[in-house]
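Structure first, then comments.
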Amino acid sequence: MSASGKAMAMVGTRLEDDQIKVLEENFTKVSKHPDETTLMLIAAECGLSEEETAKWFRMRNAQWRKAEGLPAELGSVKD
């Protein structure tokens, strides 16, 4: 399963390919930790709730940190 496929399964709801594309683009190009306003805009663009979008970012961040060899929780190490 690809990284985006895993991220898709993490949300608990089936995401469409275009939703995943928008989420992944924002994750890689905009911010791994979007502020409230950015999160709201991403959620609106994807047609998801802000809570679903925030959950996707939390899970995707944990996945990214694990792939980088970092602890899954933000703030576990001094950056």
*asked:* Tell me whether Phe27 shares a hydrophobic cluster with Val22, the cluster being built from Ile, Leu, Val, Met, Phe, Trp, Tyr side chains joined at under 4.5 Å.
replied: no
Show me the donor-acceptor pairs within less than 3.5 Å that the side chains of residues 35-44 make with the rest of the protein, sequence neighbours left out.
residue, atom, partner, partner atom, Å
Asp35, OD1, Thr37, N, 3.2
Asp35, OD1, Thr38, N, 2.7
Asp35, OD1, Thr38, OG1, 2.8

*Starting from the C-alpha separation in whole Å, work towards a yes-or-no answer on side-chain contact (heavy atoms from CB on, under 4.5 Å) for Lys32 and Trp64.*
CA-CA 9 Å; Lys32 290 178 178 40; Trp64 175 81; 3.4 Å; yes
*Contacts of Ser49 that satisfy side chain to side chain donor-acceptor pair (under 3.5 Å) - sequence neighbours left out*: Glu52
*asked:* For the NZ atom on Lys21, are there more than 12 heavy atoms of other groups (residues, nucleotides or ligands in this structure) within a distance under 6.0 Å?
replied: no
_Do His33 and Asn61 make a side-chain contact, defined as non-hydrogen atoms from C-beta onward lying under 4.5 Å apart?_
yes
*asked:* Is any side-chain heavy atom of Ser31 closer than 4.5 Å to one of Asn26?
replied: no
_Check against side-chain contact (heavy atoms from CB on, under 4.5 Å), Trp56 and Gln19_ = CA-CA 11 Å; Trp56 185 92; Gln19 291 173 314; over 6 Å; no
_I'd like to know if Phe57 and Leu48 are part of one continuous hydrophobic network [Ile/Leu/Val/Met/Phe/Trp/Tyr, side-chain heavy atoms within less than 4.5 Å]._
yes
*Report the distance from atom CD of Glu45 to atom CG of Asp18, rounding to the nearest 0.5 Å.*
9.5 Å
